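Have a look at the structure below, then the notes.
Atoms within each ligand, like the ligands themselves, are counted from 1 in listed order. If you're wondering where the values come from, they're calculated on a predicted model, not measured in any experiment.
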Amino acid sequence: MKKLSVLLIILLDVGFFSSLSGQDKFETNRKEMIKKQIQARGITDKNTLKAMEEVPRHLFVSEEYRDRAYDDGPLPIGYGQTISQPYIVAYMTELLHVVPDDVVLEIGTGSGYQAAVLSRIVKKVYTIEIIEELGLAAKEKLAALNYDNVEVKIGDGYYGWEEHAPYDGIIVTAASEYIPPPLIQQLKDKGRMIIPVGSSFSVQNLMLVEKTGDKIRTKSLIPVRFVPLTRNIKP
Ligand code: SAH
(Lines give C-alpha, C1' and ligand atoms only; values in the text may rest on other atoms or scores of the structure.)
Protein backbone atom coordinates (compact mmCIF):
# COMPACT_ATOMS: atom_id res chain seq x y z
CA MET A 1 0.00 0.00 0.00
CA LYS A 2 2.78 2.35 1.00
CA LYS A 3 4.71 1.53 -2.15
CA LEU A 4 1.64 2.13 -4.23
CA SER A 5 0.98 5.54 -2.72
CA VAL A 6 4.62 6.57 -3.19
CA LEU A 7 4.39 5.49 -6.80
CA LEU A 8 1.15 7.38 -7.16
CA ILE A 9 2.68 10.54 -5.72
CA ILE A 10 5.63 10.26 -8.07
CA LEU A 11 3.31 9.76 -11.04
CA LEU A 12 1.14 12.70 -9.98
CA ASP A 13 4.21 14.86 -9.55
CA VAL A 14 5.51 14.00 -12.97
CA GLY A 15 2.11 14.82 -14.44
CA PHE A 16 1.94 18.06 -12.52
CA PHE A 17 5.39 19.25 -13.50
CA SER A 18 5.15 18.22 -17.11
CA SER A 19 1.83 20.05 -17.53
CA LEU A 20 3.30 23.04 -15.72
CA SER A 21 6.28 23.13 -18.02
CA GLY A 22 3.92 22.80 -21.01
CA GLN A 23 2.03 25.78 -19.65
CA ASP A 24 5.28 27.65 -19.11
CA LYS A 25 6.30 27.01 -22.68
CA PHE A 26 3.14 28.65 -24.02
CA GLU A 27 3.54 31.56 -21.63
CA THR A 28 7.12 32.08 -22.75
CA ASN A 29 6.05 31.89 -26.39
CA ARG A 30 3.30 34.40 -25.73
CA LYS A 31 5.65 36.88 -24.05
CA GLU A 32 8.07 36.48 -26.93
CA MET A 33 5.26 37.06 -29.47
CA ILE A 34 4.33 40.30 -27.73
CA LYS A 35 7.89 41.57 -27.69
CA LYS A 36 9.03 40.52 -31.16
CA GLN A 37 5.88 40.72 -33.26
CA ILE A 38 3.74 43.33 -31.53
CA GLN A 39 5.83 45.82 -29.58
CA ALA A 40 8.63 45.68 -32.14
CA ARG A 41 6.14 46.79 -34.80
CA GLY A 42 4.98 49.78 -32.81
CA ILE A 43 1.97 48.72 -30.71
CA THR A 44 2.18 50.66 -27.43
CA ASP A 45 -1.38 50.70 -26.05
CA LYS A 46 -1.13 49.23 -22.55
CA ASN A 47 -4.63 47.71 -22.57
CA THR A 48 -3.98 45.95 -25.87
CA LEU A 49 -0.63 44.56 -24.73
CA LYS A 50 -2.06 43.38 -21.40
CA ALA A 51 -5.04 41.70 -23.08
CA MET A 52 -2.77 39.92 -25.58
CA GLU A 53 -0.61 38.75 -22.71
CA GLU A 54 -3.61 37.43 -20.80
CA VAL A 55 -5.47 35.49 -23.50
CA PRO A 56 -4.13 31.96 -24.14
CA ARG A 57 -4.13 32.01 -27.95
CA HIS A 58 -3.04 28.33 -28.08
CA LEU A 59 -6.42 27.33 -26.62
CA PHE A 60 -8.25 28.96 -29.56
CA VAL A 61 -6.66 26.73 -32.21
CA SER A 62 -7.00 22.98 -32.64
CA GLU A 63 -4.46 20.71 -30.98
CA GLU A 64 -2.81 20.15 -34.35
CA TYR A 65 -1.76 23.84 -34.49
CA ARG A 66 -1.18 24.46 -30.78
CA ASP A 67 2.61 24.57 -31.08
CA ARG A 68 2.31 27.17 -33.85
CA ALA A 69 -0.24 29.34 -32.03
CA TYR A 70 2.30 32.07 -31.27
CA ASP A 71 3.89 32.08 -34.75
CA ASP A 72 3.87 35.28 -36.78
CA GLY A 73 0.96 34.42 -39.07
CA PRO A 74 -2.67 33.33 -39.43
CA LEU A 75 -3.68 29.67 -38.83
CA PRO A 76 -6.54 27.53 -40.14
CA ILE A 77 -9.55 27.09 -37.84
CA GLY A 78 -11.59 24.83 -40.13
CA TYR A 79 -14.33 25.49 -42.71
CA GLY A 80 -11.82 27.39 -44.86
CA GLN A 81 -11.48 30.14 -42.22
CA THR A 82 -8.48 31.46 -40.29
CA ILE A 83 -7.55 33.03 -36.97
CA SER A 84 -5.78 36.32 -37.77
CA GLN A 85 -2.06 36.91 -37.31
CA PRO A 86 -1.34 38.10 -33.71
CA TYR A 87 0.00 41.47 -34.93
CA ILE A 88 -3.19 42.18 -36.92
CA VAL A 89 -5.32 41.34 -33.86
CA ALA A 90 -3.24 43.78 -31.77
CA TYR A 91 -3.23 46.46 -34.49
CA MET A 92 -7.01 46.36 -34.93
CA THR A 93 -7.58 46.30 -31.16
CA GLU A 94 -5.34 49.32 -30.58
CA LEU A 95 -6.99 51.29 -33.39
CA LEU A 96 -10.47 50.83 -31.96
CA HIS A 97 -9.42 53.13 -29.06
CA VAL A 98 -11.78 51.32 -26.70
CA VAL A 99 -12.00 51.89 -22.94
CA PRO A 100 -13.45 49.83 -20.04
CA ASP A 101 -16.99 51.23 -20.28
CA ASP A 102 -17.35 50.45 -23.98
CA VAL A 103 -19.63 48.04 -25.80
CA VAL A 104 -18.16 46.51 -28.96
CA LEU A 105 -19.56 44.55 -31.88
CA GLU A 106 -17.41 42.07 -33.79
CA ILE A 107 -18.38 40.58 -37.14
CA GLY A 108 -16.70 37.22 -37.78
CA THR A 109 -16.28 35.38 -34.46
CA GLY A 110 -14.21 32.57 -36.00
CA SER A 111 -12.25 30.98 -33.15
CA GLY A 112 -13.41 33.58 -30.61
CA TYR A 113 -9.84 34.80 -30.03
CA GLN A 114 -10.30 38.44 -31.10
CA ALA A 115 -13.50 38.61 -29.02
CA ALA A 116 -11.62 37.23 -25.99
CA VAL A 117 -8.87 39.85 -26.41
CA LEU A 118 -11.41 42.69 -26.64
CA SER A 119 -13.33 41.31 -23.65
CA ARG A 120 -10.31 41.96 -21.43
CA ILE A 121 -10.55 45.69 -22.23
CA VAL A 122 -14.25 46.55 -22.59
CA LYS A 123 -17.49 46.03 -20.70
CA LYS A 124 -19.22 43.84 -23.28
CA VAL A 125 -18.45 42.20 -26.62
CA TYR A 126 -21.20 41.10 -29.00
CA THR A 127 -19.92 38.90 -31.82
CA ILE A 128 -21.63 37.37 -34.87
CA GLU A 129 -20.51 34.32 -36.86
CA ILE A 130 -22.16 33.08 -40.04
CA ILE A 131 -20.87 29.47 -39.91
CA GLU A 132 -22.96 27.75 -37.26
CA GLU A 133 -20.35 25.13 -36.30
CA LEU A 134 -17.66 27.78 -35.73
CA GLY A 135 -20.03 30.04 -33.80
CA LEU A 136 -21.16 27.25 -31.50
CA ALA A 137 -17.58 26.04 -30.91
CA ALA A 138 -16.46 29.60 -30.07
CA LYS A 139 -19.39 30.06 -27.73
CA GLU A 140 -18.48 26.87 -25.86
CA LYS A 141 -14.81 27.77 -25.70
CA LEU A 142 -15.45 31.29 -24.41
CA ALA A 143 -17.80 29.93 -21.73
CA ALA A 144 -15.33 27.21 -20.69
CA LEU A 145 -12.59 29.83 -20.28
CA ASN A 146 -14.95 32.16 -18.33
CA TYR A 147 -15.14 35.01 -20.81
CA ASP A 148 -18.50 35.99 -19.36
CA ASN A 149 -18.82 39.35 -21.06
CA VAL A 150 -18.89 37.95 -24.60
CA GLU A 151 -22.12 37.05 -26.36
CA VAL A 152 -22.05 35.03 -29.59
CA LYS A 153 -24.81 34.99 -32.18
CA ILE A 154 -25.08 32.88 -35.33
CA GLY A 155 -26.14 34.99 -38.28
CA ASP A 156 -25.15 37.32 -41.11
CA GLY A 157 -23.12 40.12 -39.56
CA TYR A 158 -23.80 42.40 -42.54
CA TYR A 159 -26.93 43.51 -40.70
CA GLY A 160 -25.13 44.06 -37.38
CA TRP A 161 -26.95 43.39 -34.10
CA GLU A 162 -29.62 46.06 -33.82
CA GLU A 163 -30.85 45.01 -30.38
CA HIS A 164 -27.71 46.17 -28.56
CA ALA A 165 -26.81 49.13 -30.79
CA PRO A 166 -25.32 51.71 -30.84
CA TYR A 167 -21.75 50.49 -30.35
CA ASP A 168 -18.67 52.41 -29.24
CA GLY A 169 -16.61 50.28 -31.59
CA ILE A 170 -17.25 47.81 -34.42
CA ILE A 171 -14.57 45.44 -35.67
CA VAL A 172 -15.07 43.41 -38.83
CA THR A 173 -12.67 40.50 -39.30
CA ALA A 174 -13.75 39.44 -42.80
CA ALA A 175 -13.28 41.51 -45.97
CA SER A 176 -16.26 43.30 -47.44
CA GLU A 177 -16.44 44.95 -50.89
CA TYR A 178 -17.96 48.00 -49.23
CA ILE A 179 -18.78 49.17 -45.72
CA PRO A 180 -22.18 47.67 -44.80
CA PRO A 181 -24.60 50.59 -44.19
CA PRO A 182 -26.32 48.84 -41.23
CA LEU A 183 -22.94 48.79 -39.42
CA ILE A 184 -22.43 52.53 -39.98
CA GLN A 185 -25.92 53.09 -38.69
CA GLN A 186 -25.26 51.03 -35.53
CA LEU A 187 -22.08 52.93 -34.68
CA LYS A 188 -22.37 55.45 -31.82
CA ASP A 189 -21.66 59.13 -32.34
CA LYS A 190 -17.83 59.43 -32.07
CA GLY A 191 -17.62 55.66 -32.50
CA ARG A 192 -14.95 53.90 -34.56
CA MET A 193 -15.11 50.95 -36.92
CA ILE A 194 -12.18 48.92 -38.27
CA ILE A 195 -12.94 46.93 -41.41
CA PRO A 196 -10.97 45.31 -44.24
CA VAL A 197 -12.42 46.55 -47.54
CA GLY A 198 -11.82 44.89 -50.91
CA SER A 199 -12.55 41.67 -52.75
CA SER A 200 -10.93 38.35 -51.99
CA PHE A 201 -9.12 38.46 -55.35
CA SER A 202 -7.50 41.87 -55.07
CA VAL A 203 -5.73 43.97 -52.48
CA GLN A 204 -7.80 44.73 -49.43
CA ASN A 205 -7.29 47.79 -47.29
CA LEU A 206 -7.86 47.98 -43.61
CA MET A 207 -10.08 51.03 -43.13
CA LEU A 208 -10.84 53.16 -40.12
CA VAL A 209 -14.36 54.59 -40.12
CA GLU A 210 -15.12 57.48 -37.75
CA LYS A 211 -18.62 58.75 -37.17
CA THR A 212 -19.26 62.29 -35.93
CA GLY A 213 -22.92 63.23 -36.02
CA ASP A 214 -24.04 62.50 -39.57
CA LYS A 215 -20.51 62.74 -40.88
CA ILE A 216 -18.52 59.65 -41.80
CA ARG A 217 -14.79 59.88 -42.27
CA THR A 218 -12.84 56.95 -43.68
CA LYS A 219 -9.13 56.45 -43.67
CA SER A 220 -7.15 53.74 -45.42
CA LEU A 221 -4.55 52.19 -43.12
CA ILE A 222 -2.59 49.18 -44.37
CA PRO A 223 -3.00 46.49 -47.05
CA VAL A 224 -4.31 43.25 -45.54
CA ARG A 225 -5.58 39.83 -46.53
CA PHE A 226 -8.75 38.53 -44.90
CA VAL A 227 -11.24 35.80 -45.76
CA PRO A 228 -14.33 37.28 -47.46
CA LEU A 229 -17.45 38.45 -45.68
CA THR A 230 -20.00 35.99 -47.05
CA ARG A 231 -23.70 36.65 -47.25
CA ASN A 232 -26.74 34.61 -46.41
CA ILE A 233 -28.63 34.67 -49.64
CA LYS A 234 -32.24 34.96 -48.63
CA PRO A 235 -34.69 32.94 -50.79
N1 SAH B 1 -11.98 37.04 -35.52
C2 SAH B 1 -11.71 35.66 -35.78
C3 SAH B 1 -11.15 35.40 -37.17
C4 SAH B 1 -12.16 35.55 -38.16
S5 SAH B 1 -11.99 34.79 -39.73
C6 SAH B 1 -10.80 35.05 -34.75
O7 SAH B 1 -10.31 35.77 -33.85
O8 SAH B 1 -10.57 33.85 -34.82
C9 SAH B 1 -13.47 35.50 -40.38
C10 SAH B 1 -14.73 34.90 -39.87
O11 SAH B 1 -15.81 35.66 -40.41
C12 SAH B 1 -14.95 33.47 -40.35
O13 SAH B 1 -15.17 32.64 -39.25
C14 SAH B 1 -16.19 33.57 -41.24
O15 SAH B 1 -17.01 32.44 -41.19
C16 SAH B 1 -16.87 34.80 -40.66
N17 SAH B 1 -17.83 35.46 -41.56
C18 SAH B 1 -17.74 35.62 -42.89
N19 SAH B 1 -18.81 36.30 -43.34
C20 SAH B 1 -19.58 36.60 -42.27
C21 SAH B 1 -20.82 37.29 -42.10
N22 SAH B 1 -21.49 37.81 -43.12
N23 SAH B 1 -21.30 37.40 -40.84
C24 SAH B 1 -20.65 36.88 -39.77
N25 SAH B 1 -19.49 36.20 -39.88
C26 SAH B 1 -18.94 36.07 -41.12
For a quick test of your reading: what N or O donor-acceptor pairs under 3.5 Å do the side chains of residues 50-64 make, sequence neighbours left out?
from : atom 1 : to  : atom 2 : distance (Å)
K50  : NZ     : E54 : OE2    : 3.4
R57  : NE     : A69 : O      : 2.7
R57  : NH1    : S84 : O      : 3.0
R57  : NH2    : S84 : O      : 2.9
H58  : ND1    : Y70 : OH     : 2.8

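Both tests hold for R231 against Y159: distance to the six-membered ring centre under 6.0 Å, angle to the ring axis within 45°.
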Present, as a list of atom pairs with distances to 0.1 Å, all nitrogen or oxygen contacts under 3.5 Å between ligand 1 and the protein.
from     : atom 1 : to   : atom 2 : distance (Å)
ligand 1 : 1 (N)  : E106 : OE2    : 3.0
ligand 1 : 1 (N)  : G108 : O      : 3.0
ligand 1 : 1 (N)  : T173 : OG1    : 3.1
ligand 1 : 7 (O)  : Q114 : N      : 3.0
ligand 1 : 8 (O)  : S111 : N      : 3.0
ligand 1 : 8 (O)  : S111 : OG     : 2.6
ligand 1 : 13 (O) : E129 : OE1    : 2.7
ligand 1 : 13 (O) : E129 : OE2    : 3.4
ligand 1 : 15 (O) : E129 : OE2    : 2.6
ligand 1 : 19 (N) : T230 : N      : 2.9
ligand 1 : 19 (N) : T230 : OG1    : 3.3
ligand 1 : 22 (N) : D156 : OD1    : 2.9
ligand 1 : 22 (N) : T230 : O      : 2.6
ligand 1 : 23 (N) : G157 : N      : 2.8
ligand 1 : 25 (N) : I130 : N      : 3.2

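With sequence neighbours left out, K188 forms a salt bridge (Lys or Arg N to Asp or Glu O under 4.0 Å) with D168.
Of the possible polar contacts, none joining the E94 side chain to the T48 backbone as a donor-acceptor pair under 3.5 Å is found.
Identified under the ring pair (Phe, Tyr, Trp, His ring centres under 6.0 Å) test for residues 27-52, with sequence neighbours left out: none.
A donor-acceptor pair shorter than 3.5 Å can be found between the side chains of E106 and T127.
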